[in-house]
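Let me begin by presenting the structure, written as structure tokens, before commenting on it.
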Amino acid sequence: MSNEIAPGVLDDTDEAIITLLEEDGRLTHREIAARVDLSRSAAATRVQRLLTEGHIDIRGVVHPAVLGHDVLAHISVGITGSATRVADALAAREDTTLVSMTSGSHALVVELRASDIVEIDDALAEVRAIEGILTTETLLYTEVIRDVAAPVGAAPAAGSLDETDYALLRALQSNGRASFVDLAASVGLSPAGTRRRVVRLLAGNVVRVGAVVRHSGRERRTATGIGLRLDGAAHRAVAAQLAGLPSLTFLARTLGRYDALLTVNTATSGGLVEVLDRIRDLDGVREAETWSHLRFVKETYASLHLGGA
């Protein structure tokens, strides 16, 4: 493969590296090089360029339960007037982790995270009071099955983290690819001791380190939201089949007007058609509605208050 790369333009090798880093943001340059058929130095150059040009951020994302976020909600927002103005107001809230401008019947989608359903209810009341918002439709997540950004599944045991763990989590939130030497210096441990801690936090589902894609020089990826209505007994069976879609970046079972919520990233409209056909062909899928994510105004899962800091 060629090592010639133009600023601001991504090629197939860059896209392959991004895909690898989405799955594991702490892959070594040697591991990346072996998977994309490059030398170690060429792989390191590519990764550094993706970071410095702003194509990706690599962050440690902590399990929502560690942050006290036990209830997650997806809000579709209908507006009047400027979508940008409303999106900026929503993005300024500390409890929003995602704000996206979308096509379709709703101008915006928002993800809210809170400690309990009462807090979500209060947050929704404040959201509805924002000037320009006409309607909101809410989905509550009953189970997050797939999320390329954040840990999913069982929450870490309560009280299992100490202040050194929290310090490491804060450091990984800031820079998911920080070396063990740098992490050790920030928490006062040896590099070997730090490595053991980080491995334990990753294996224990406390934190996930991966790439968040900011943009593509060739705009090769399109993020599409999909809401599914399912037959009554099909929820878990369909969700298990959906989890295997290669283009899937998010999947949750939900309560509300949809029974499942997905996000898929595809490089072409033809690729999206294939994904939608596969989804609609599954036994138990009754209806599928789609919308395009036109611009992500906010996409962050870090907490400035992690561990009381």
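All residue numbers refer to positions in the sequence shown, counting from 1. Everything numeric in this text was worked out from a predicted model, so none of it was measured.
Under the side chain to side chain contact (heavy atoms under 4.5 Å, CB included) test applied with V62, the options L201, L67, L172, L161 reduce to a single match, L67. Under the side chain to side chain contact (heavy atoms under 4.5 Å, CB included) rule, L242 has a single partner from I145, L251, V264, V285, which is L251. Just one of V86, I133, T136 meets the side chain to side chain contact (heavy atoms under 4.5 Å, CB included) condition when paired with L108; it is V86.
You'll find the side chain of T266 stays beyond 4.5 Å of the side chain of E274, heavy atoms only. Counting heavy atoms from C-beta outward, T13 and R46 have side chains that approach closer than 4.5 Å. Contact of the V47 side chain with the H29 side chain is registered, since non-hydrogen atoms from C-beta on lie closer than 4.5 Å. You'll find the side chain of V297 stays beyond 4.5 Å of the side chain of S100, heavy atoms only. For the pair D14 and R49, the minimum side-chain heavy-atom distance is below 4.5 Å. Contact annotation: the side chain of T194 approaches that of V187 to within less than 4.5 Å [non-hydrogen atoms, C-beta and beyond]. V144 is listed as a side-chain neighbour of D147, based on a closest heavy-atom distance under 4.5 Å. The shortest distance between side-chain heavy atoms of L140 and V71 falls below 4.5 Å.
Here the CG atom belonging to L261 is positioned 8.0 Å from the OG atom belonging to S76, to the nearest 0.5 angstrom. One finds the CG atom of L124 at 6.5 Å from the CG atom of D121 (value rounded to the nearest 0.5 Å). Between the CZ atom of R195 and the OG atom of S179 there is a distance of 13.0 Å, given to the nearest 0.5 Å. Expressed to the nearest 0.5 Å, how far CD1 of I79 lies from OG1 of T135 amounts to 9.5 Å. Between atom CG of residue L38 and atom OG1 of residue T45 there is a gap of 9.5 Å, rounded to the nearest 0.5 Å. Rounding to the nearest 0.5 Å places CD of E22 at 10.0 Å from CD1 of I58.
Under a 3.5 Å cut-off, the side chain of R59 and the backbone N or O of S174 do form a donor-acceptor pair. Between the side chain of R177 and the backbone N or O of L27, at least one donor-acceptor pair lies under 3.5 Å. Judged purely by atom type and a 3.5 angstrom limit, T224 has no side-chain atom pairing as donor or acceptor with the backbone of S292. Here the side chain of D259 pairs no donor or acceptor atom with the backbone of R229 at under 3.5 angstrom. Listed for the D231 side chain is no donor-acceptor partner under 3.5 Å among the backbone atoms of A233.
The nearest pair of heavy atoms linking A83 to A107 is CB-CB, 4.4 Å. Heavy atoms only, all atoms of each residue included: L20 and V36 are closest at CD1-CG1, 3.8 Å. A pairwise comparison of heavy atoms in V99 and A87 identifies CG1-O, 3.8 Å as the closest pair. Closest heavy-atom contact between I120 and A73: CD1-CB, 4.1 Å. Of all heavy-atom pairs spanning L230 and A260, the tightest one is CD1-CB, 4.4 Å. Taking both residues in full, the closest heavy atoms of S247 and V275 are given as OG-CG2, 3.3 Å, listed atom of the first, atom of the second, then distance.
Salt bridge status for R146 with E23: present, with a side-chain N to carboxylate O gap under 4.0 Å. Look at D95 and R93 and you find a salt bridge, because one of the NZ, NE, NH1 or NH2 atoms lies within 4.0 Å of a carboxylate O, short of that distance. Classification of R197 and D162 as a salt-bridged pair holds, one side-chain N sitting under 4.0 Å from a carboxylate O. A salt bridge does not link R113 to D70: none of the charged nitrogens lies less than 4.0 Å from a carboxylate oxygen. Of the charged side-chain nitrogens involved, at least one lies within less than 4.0 Å of a carboxylate oxygen, so that D165 and R200 count as a salt-bridged pair. Ion pairing between a basic and an acidic side chain is recognised when a charged N comes within 4.0 Å of a carboxylate O; E143 and R236 show no such pairing.
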field: Intermediate values then yes/no, side chain to side chain donor-acceptor pair (under 3.5 Å), T52 and Q48
entry: CA-CA 6 Å; T52 57; Q48 188 58 42; 4.8 Å; no
message: As a quick check of understanding, evaluate side chain to side chain donor-acceptor pair (under 3.5 Å) for S39 and S41, giving each step before the final call.
response: CA-CA 5 Å; S39 68; S41 61; 3.3 Å; yes
message: Using the rule given for side-chain contact (heavy atoms from CB on, under 4.5 Å), can you reason through E287 versus L228, listing the C-alpha separation, both sets of side-chain angles and the distance that settles it, and then say yes or no?
response: CA-CA 6 Å; E287 294 181 81; L228 299 181; over 6 Å; no
query: Can you list the steps and then say if K298 with T96 is a side chain to side chain donor-acceptor pair (under 3.5 Å)?
result: CA-CA 8 Å; K298 180 179 184 181; T96 57; 3.0 Å; yes
- request: Please test V198 against L183 for side-chain contact (heavy atoms from CB on, under 4.5 Å), starting from the C-alpha separation and ending with a verdict.
  value: CA-CA 9 Å; V198 171; L183 290 171; 4.1 Å; yes
- request: Check the pair Q241 / I279 against side-chain contact (heavy atoms from CB on, under 4.5 Å), numbers first and verdict last.
  value: CA-CA 9 Å; Q241 295 178 76; I279 291 171; over 6 Å; no
task: Decide yes or no on side-chain contact (heavy atoms from CB on, under 4.5 Å) for H63 and V206, but give the supporting numbers first.
output: CA-CA 5 Å; H63 195 293; V206 176; 5.7 Å; no
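No chain of hydrophobic side-chain contacts below 4.5 Å, direct or via other Ile, Leu, Val, Met, Phe, Trp or Tyr residues, connects L112 to L72. Under the 4.5 Å side-chain heavy-atom criterion for ILVMFWY residues, a single connected hydrophobic cluster contains both I130 and I75. L51 and I17 fall within the same hydrophobic cluster, defined by Ile, Leu, Val, Met, Phe, Trp and Tyr side-chain heavy atoms under 4.5 Å apart, directly or through other members. Hydrophobic clustering (side-chain heavy atoms under 4.5 Å, transitive across Ile, Leu, Val, Met, Phe, Trp, Tyr) keeps F296 apart from V77. The cluster map of Ile, Leu, Val, Met, Phe, Trp and Tyr, joined by side-chain heavy atoms under 4.5 Å apart, puts L10 and I32 in the same cluster.
A cation-pi contact, defined as under 6.0 Å to the ring centre and within 45° of the axis, links R26 to F180.
Listed by first then second residue, pairs satisfying ring-ring contact (aromatic ring centres under 6.0 Å, His included) with a partner in residues 90-144 read Y141-F250, not counting sequence neighbours.
Note on ring orientation: taking the six-membered ring where Trp is involved, the planes of H293 and W291 are perpendicular (angle over 60°, cut-offs 30° and 60°).
Within a 6.0 Å sphere centred on CZ of R257, other residues, nucleotides and ligands contribute more than 12 heavy atoms. Applying the 6.0 Å contact sphere to CG of D277 captures more than 12 heavy atoms from other residues, nucleotides or ligands.
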